[in-house]
Every structure is written in C-alpha cells, then in structure tokens.
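By convention in this document, chain letters (A, B, ...) are assigned in the order of the sequence lines, proteins followed by strands, and residues within each chain are numbered from 1. Below, all heavy atoms of this structure are taken into account, side chains as well, without hydrogens, waters or symmetry copies.
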Amino acid sequence: MSLEQEWAGLTPRDAVALQRKTATAVITEDQLPVVRTVAGVDVGFEDKHTARAAVVVLDAATLEPVDHALARLPVSFPYVPGLLSFRECPVVMRALASLKVTPDLLLCDGQGIAHPRRLGVASHLGVLTGLPSIGVAKSRLLGTHDPVSDRRGAWVPLRDGNEVIGAVLRTRQGVKPLFISPGHRLSLATALEWVMACVTRYRLPETTRWADGLASNRGQRWLDRLK
DNA sequence: GCGACAG
DNA sequence: ATCTTGTCGC
C-alpha cells in the first residue's frame, strides 16, 4: 500500500503520536556504505492543491547528475510547523520509487533530528527508506546557538537544552548559514562532511540546488540541463 | 497568556 | 512554499 493511503485521514494529533513512535527507529551513528551517489530531495507546490517532488541523484565524486525523478500528488495535509513530513513524504516516496539508481545518501530540505520529537522530514524519510539521510534546512525550527564565524566551513553546534541536535554551518562567506542535522544512519560530523562535499560556489549544496530547481515552477529550465 | 514556528 | 529581473555588494 502507498504511503498516501496509509496516512489517509491522519489528524495532526495522530501524526504527533506516529512521530513519537517512529523516532524510536532513528539511528545517529555512522552506518553508511561506500557513498558513490548522493541525492537531493525537495518538494514544491504547483498550487495549493498539488505537491511536486523532485529527487536528483548525483555522482558523489563529480557532482554530475546521473538520475532524477519527479512525482505529483494532491496535497492532503496542512503545513504545521513540526509536521512537515506528513505533507511531503507521500509524494517524495513516489518519486524515490521511480528512480533507476538508488542513492547511497539523501540530502533533504528541512530538519533531521533538530526537531521537537527528533523526527524532521529528513529523519522520517531516512526511516521510511532505510537510507542514510541528512537534514539541510535554510532556517531554524528548534534550538539555540552562538554566532557563526563568517568563514566557509565554519560551524557551531545547535542545541536544545544540553543536547546537541545539529549544527549551524556557513557554507560560504557572506551568506546566511544552513541548519544541518543528522537524518538517519549517520553522525553530525559525517553529515557536515557530506554537506560540504556537495557545496561548490553557492550557499546551497548541489544536491539541494538541483532538487529545488526541478521541484519549483521553473523546473523546465533545469530539466533542459539534464542532457 | 504571549511569541516562535522546517517548507 | 509562492509572487519575480535586474541589480547592489562582498
């Protein structure tokens, strides 16, 4: 059965309960294979009723696209901070299912464990797919942190109380930092290494840039670049 | 009760 | 998330 069917009729209250249960399966220790391919995952909205997911698989060494997939699905859950998974996972799972190349690592838009119940979209997708995943968010959902030096690669821990739930990373000088957190099957240190490995000359890693481009309404232009 | 709040 | 080209600045 598809995820959209399994989650049909779920209320925000049910969703929170499901998150608490699912968070139990999240692993934040390194369990990665030799990473040859890295995928960028993102969801855009064609209108208030239709979600579009984009997944782009890049060669981990060259950062060149080797595969991609798109999927569309009616929106079936409202945007509620902390419950983003229930809006985005169904359509993302559809896109992932149509890939020809299964990626070794997922870089998802949004938080990993830097979440009230330690189950942001990246973590949830990691558990659903069983794949290692990283949360790459453009802004903060939870946690506090010290100022980050304006040097490329500089980072400071993101904390919730005494617990380190992620990092605030400067991927480029002169730009707002990114909020990185382990999604599933890897540590924060490894997550930071992979994000920087996917960054070239822009604020966002190449994985995210490709996925963002294809998921947005200007996706056609990016499709043209895919050969 | 008053803010904060991924995309 | 989304409406949107060129332009100012590091």
Nearest whole Å is fine: how far is [N] [atom2] from [X] [atom1]?
| X | N | atom1 | atom2 | answer |
| --- | --- | --- | --- | --- |
| Q19(A) | dA6(B) | CD | C1' | 12 Å |
| F86(A) | dA6(B) | CZ | C1' | 14 Å |
| R87(A) | dG7(B) | CZ | P | 13 Å |
| R203(A) | dC10(C) | CZ | P | 19 Å |

- Side-chain contact test, heavy atoms from C-beta onward, threshold under 4.5 Å: evaluate it for H124(A) versus T22(A) and give yes or no. yes
- Query: Among residues 105-125 of chain A, which residues get a heavy atom nearer than 4.0 Å to DNA chain B?
  - Reply: G110(A), Q111(A), H115(A), G120(A), V121(A)
- Task: Verify whether one side chain among T11(A) and R13(A) offers a donor that lies under 3.5 Å from an acceptor in the other.
- Result: no
- Message: Determine whether a donor-acceptor pair (N or O, by modelled atom type, separation under 3.5 Å) exists between the side chain of D30(A) and the backbone of S187(A).
- Response: yes
- Do side-chain atoms of R170(A) reach the backbone of V148(A) as a donor and acceptor pair under 3.5 angstrom? yes
- Query: Does the side-chain ring of Y79(A) lie flat on the base of dG7(B), meaning centres under 5.5 Å and planes less than 30 degrees apart?
  - Reply: yes
With heavy atoms under 4.0 Å as the rule, sort [X] into base, sugar-phosphate or nothing.
| X | value |
| --- | --- |
| L83(A) | base |
| N217(A) | sugar-phosphate |
| E88(A) | sugar-phosphate |

- Candidate pair H68(A) and L223(A), rule side chain to side chain contact (heavy atoms under 4.5 Å, CB included), full reasoning: CA-CA 10 Å; H68(A) 73 276; L223(A) 268 181; 3.8 Å; yes
- Note on the structure: Which of dC3(C), dC5(B), dG7(B) is nearest the side chain of P81(A)? It is dC5(B)
- Where each pair must be Watson-Crick or G-U wobble with both distances under 3.5 Å, what dot-bracket representation of DNA chain C is obtained, with crossing pairs in [ ] and other-strand partners as |? ..........
- Looking at DNA chain C, which of residues 135-150 of chain A put a heavy atom within less than 4.0 Å of it? K138(A)
- Message: So for atom CD, which belongs to Q173(A), do other residues, nucleotides or ligands contribute more than 12 heavy atoms lying within a distance under 6.0 Å?
- Response: no
- Item | Q5(A) CD: over 12 foreign heavy atoms closer than 6.0 Å | yes
- Where does the angle between the aromatic ring planes of W210(A) and W222(A) fall among parallel (under 30°), tilted (30 to 60°) and perpendicular (over 60°)? perpendicular
